[in-house]
Amino acid sequence: METAANIDIIFDTPGLGWHLISKGSAKLLFAGTVLGIDGHGVLRLLQSAHPNLEVIIALVQKFKGHFGIIYQDERKIVALTDCIASYPVFYRSFDHVFKMATSAIPLGIDCTIDKSQAKAIMLSGYTVGRGTVFQEISSLGHGEVFFKNEDQKNHIISNYYKYSPWREPYQLDRDHLKKKLVDVTMRSIKRVVEQASNRQIAVPLSAGRDSRLVVSALKYLGATNVTCYSYGPRGNFEGEVAKKISEKLGFDWVFVEVTPKIQQNFWKTQKPEEFASRSNDFMAAPVFHDLFVTDSLLKKRVIFEDTLIVNGNSGDFITGNHIPMDLVAVNSSCSENNVDDLLNSMLQKHYSMWVSLRNDKNLCSIKRLLMSQLETIGGMDGDKSLVALHEYLEMTNRQTKWVIKRQKIYDFFSLSWALPMWDVDFMSFWERVPLQHKLQQNLFVEMLQEQNWGGVWRGIPGNEAR
């Protein structure tokens, strides 16, 4: 039987971005940012909180920002992931001991490869659901609370937030929807300004909508200490558009040249290998594409140790640009009769990285993993549409494990970061936007064009003009 005594939290080998704070018998592993509260404040809140799950959930539902938390005192153990699990929490049970850690690496002893998850990683770059490449190691999902107090026989894992694009849609006309979108967008960018607190804000700027939204809204809100940067071969389309946007907004713009030779020389250094090792979570392949650029910007003193990095990913997903049209054509509730439409759409879009492994046997193995994940949310028992379930599966697998893993680069260099397009209120808004307003981001694009923040949404081309 599980007791508080046999839950072992590994405090001495924290993962990237995590640090330990102690006060008396209380210990806190903390990563990221809870707006308005530093790590010591989080510790005090949890220390004074009654050892009751409902109390803890009511407390953390007020937290804004992106963070990870593991807390232990004499009365309770609490572990938390934010709305996108940007700082994963890992656990395993063996020899009658439940182990928990902020890094998967110290848990990876005497483990057995999960062949189905290994196939998923090879074909997509990431695992499915809570699983890792090892059968024994799992992770908390997004918006989850692990809780154990001294009176409980067993721990509880519960959601305080779950991304649910099947929620009851807004019954609003398009103009009122756009107004709500303006409000929630501005609220998410204001939180960036609050988090920066007069520090330099650095934005990786491309020709896409998401990063343009970040810089134009920052300009509209009066932010001044903003530096934009782009990278790639000299004269590339993304960089040229980003330069025009920066000039129009009056923000500094820096270009980092990246060529095969420059990359080759960087890969001869120890940093890529060190980063791959430290960011290994047994759930997703490492994401390197900003590693050289961030290292270069720090060395050239374009950005600094206290700079806040603000990138726009993944606004294109959350605002509807990844909705598959084959499922829109069906657009019915998931059932045993049409679940294959959903699974085949997922496999076609996301599981083709290693073409030689894309055979029926391997794809069936991944289908079973996806089906198991659907069962945890009652995917075929309610009125969840195929489109909504596709969004959920992509968000909880590709987005939270692989796309957001880009942030580990900033953690590697001890830089703080913000993701306004993954603000919990922004996500909650889009969960309830009717499908016809999300297709190909039509509501989002129309709002941006009408607002024209910073004057950069008309006359300066975007990715569609590439």
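- Side-chain contact annotation: H322 with D316, donor-acceptor N/O pair under 3.5 Å present.
- No hydrogens or angles considered: a donor-acceptor pair under 3.5 Å links the side chains of N311 and Q407.
- Side-chain contact, S279 with K405: no donor N or O sits under 3.5 Å from an acceptor N or O.
- What you find for Q441 and G315 is that their closest heavy atoms are NE2-O, 3.9 Å.
- Under a 3.5 Å cut-off, the side chain of T376 and the backbone N or O of Q373 do form a donor-acceptor pair.
- The two atoms that bring T102 and T13 nearest to each other are OG1-O, 4.3 Å, heavy atoms only.
- Between S352 and R358 the shortest heavy-atom distance is CB-NE, 3.5 Å.
- A ring pair (Phe, Tyr, Trp, His ring centres under 6.0 Å) with F275 is found for one member of F292, F412, F266, F413 and no other, namely F412.
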List the steps and the verdict of ring pair (Phe, Tyr, Trp, His ring centres under 6.0 Å) for F67 and Y87.
CA-CA 6 Å; F67 53 84; Y87 290 97; 8.8 Å; no

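- A salt bridge is absent between D306 and R199; no separation between the charged side-chain nitrogens and carboxylate oxygens falls under 4.0 Å.
- Between M100 atom CE and I70 atom CD1 the span is 5.5 Å, to the nearest 0.5 Å.
- No donor-acceptor contact under 3.5 angstrom links the side chains of W267 and T269, judged on distance only.
- Residues H19 and F30 meet the side-chain proximity criterion, which asks for heavy atoms closer than 4.5 Å.
- Nearest heavy atom pair, residue C111 against residue I137, reads SG-CD1, 4.0 Å.
- L181 is listed as a side-chain neighbour of F426, based on a closest heavy-atom distance under 4.5 Å.
- A salt bridge links E391 to K438: one of the charged nitrogens lies within less than 4.0 Å of a carboxylate oxygen.
- If you check the side chains of D82 and W422, you find no donor sitting under 3.5 Å from an acceptor.
- Of the charged side-chain nitrogens involved, none lies within less than 4.0 Å of a carboxylate oxygen, so that D281 and K408 do not count as a salt-bridged pair.
- Side-chain polar atoms of Q200 and T307 form a donor-acceptor pair below 3.5 angstrom.
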Pair H155-F146, ring pair (Phe, Tyr, Trp, His ring centres under 6.0 Å): steps then yes or no
CA-CA 7 Å; H155 70 265; F146 173 102; 4.6 Å; yes

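- Distance alone, capped at 3.5 Å, is enough to place a donor-acceptor pair between the T81 side chain and the G143 backbone.
- Of the possible donor and acceptor atoms, one in the side chain of N52 sits under 3.5 Å from a partner among the backbone N and O of V55.
- No donor-acceptor distance shorter than 3.5 angstrom exists from the side chain of K23 to the backbone of K27, with no hydrogens or angles considered.
- Ring centers of W402 and F317: at least 6.0 Å apart, outside the cut-off.
- In this structure, the side chains of T227 and I303 stay at 4.5 Å or more apart for every pair of heavy atoms.
- In this structure a side-chain-to-backbone donor-acceptor pair under 3.5 Å is present from R92 to L107.
- Side-chain N or O atoms of D73 include one that pairs as donor or acceptor with a backbone N or O of K76 at under 3.5 Å.
- If you check the side chains of N159 and Y161, you find no donor sitting under 3.5 Å from an acceptor.
- Listed for the T396 side chain is a donor-acceptor partner under 3.5 Å among the backbone atoms of Y392.
- No donor-acceptor pair closer than 3.5 Å links the side chain of H350 to the backbone N or O of E394.
- Taking 4.0 Å as the cut-off between side-chain N and carboxylate O, D423 and R187 do not count as a salt-bridged pair.
- S103 places a side-chain N or O within donor-acceptor distance of the main-chain N or O of I105, the cut-off being under 3.5 Å.
- Looking at Y91 and K99, their side chains never come closer than 4.5 Å, going by heavy atoms from C-beta outward.
- With values rounded to the nearest 0.5 angstrom, N265 atom CG is found 8.0 Å from T259 atom OG1.
- Ring planes of F282 and F134: perpendicular class, angle over 60° (limits at 30 and 60°).
- In terms of heavy atoms, S211 sits closest to S206 at OG-N, 3.1 Å.
- Within 6.0 Å of the CG atom in N359, the count of heavy atoms belonging to other residues, nucleotides or ligands exceeds 12.
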Applying side chain to side chain contact (heavy atoms under 4.5 Å, CB included) to R130 and I157, what does each step give before you reach the verdict?
CA-CA 12 Å; R130 294 177 177 273; I157 296 177; 3.7 Å; yes

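- Within the 4.5 Å cutoff, the side chain of D114 has no heavy atoms near those of the T132 side chain.
- The closest side-chain donor-acceptor pair between K119 and N362 falls under 3.5 angstrom.
- For the pair L53/V145, a side-chain contact is recorded, criterion being any heavy-atom separation below 4.5 Å from C-beta on.
- The pair E431-R167 meets the salt-bridge criterion, with a side-chain N (NZ, NE, NH1 or NH2) lying under 4.0 Å from an Asp/Glu carboxylate O.
- The existence of a salt bridge linking D411 and R278 is excluded, since no basic side-chain nitrogen approaches an acidic carboxylate oxygen closer than 4.0 Å.
- In this structure, K190 places its NZ atom where only 12 or fewer heavy-atom neighbours from other residues, nucleotides or ligands lie under 6.0 Å away.
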Report the C-alpha distance between F147 and Q152 in whole Å, list the side-chain angles of each, state the deciding distance to 0.1 Å, and finish with yes or no for side chain to side chain contact (heavy atoms under 4.5 Å, CB included).
CA-CA 10 Å; F147 179 77; Q152 291 175 275; 3.2 Å; yes

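- Within the model, atoms CG of N338 and CE of M380 stand 9.5 Å from one another, a figure rounded to the nearest 0.5 Å.
- In this model, a donor atom of one side chain and an acceptor atom of the other lie less than 3.5 Å apart for E136 and T112.
- Surrounding CG of D110 are at most 12 heavy atoms belonging to other residues, nucleotides or ligands under 6.0 Å away.
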Pair D326-N344, side chain to side chain contact (heavy atoms under 4.5 Å, CB included): steps then yes or no
CA-CA 10 Å; D326 57 333; N344 290 334; over 6 Å; no

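- Checking S314 against D210 by side-chain atom types alone, no donor-acceptor pair falls below 3.5 Å.
- Counting heavy atoms from C-beta outward, F429 and V424 have side chains that stay 4.5 Å or more apart.
- The number of heavy atoms from other shown groups lying within 6.0 Å of NZ (K180) does not exceed 12.
- Annotation: side chain of M427 is in contact with side chain of I318 (closest heavy-atom distance under 4.5 Å).
- Under the 3.5 Å distance criterion, with hydrogens and angles disregarded, no donor-acceptor pair is assigned to the side chains of S385 and S333.
- Summarising the geometry of G17 relative to A31, their closest heavy-atom pair is O-CB, 3.4 Å, with the distance given to 0.1 Å.
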Does the pair V89 and S139 meet the rule for a side chain to side chain contact (heavy atoms under 4.5 Å, CB included), with working shown?
CA-CA 6 Å; V89 173; S139 65; over 6 Å; no

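- A distance of 13.0 Å separates NZ of K300 from OH of Y229, quoted to the nearest 0.5 Å.
- Judged by distance alone, with hydrogens and angles left aside, the side-chain atoms of R432 form a donor-acceptor pair with the main-chain N or O of E168 at under 3.5 Å.
- Residues forming a side-chain hydrogen bond (donor to acceptor under 3.5 Å, both in side chains) with K299 (at least two apart in sequence, or on another chain): D295.
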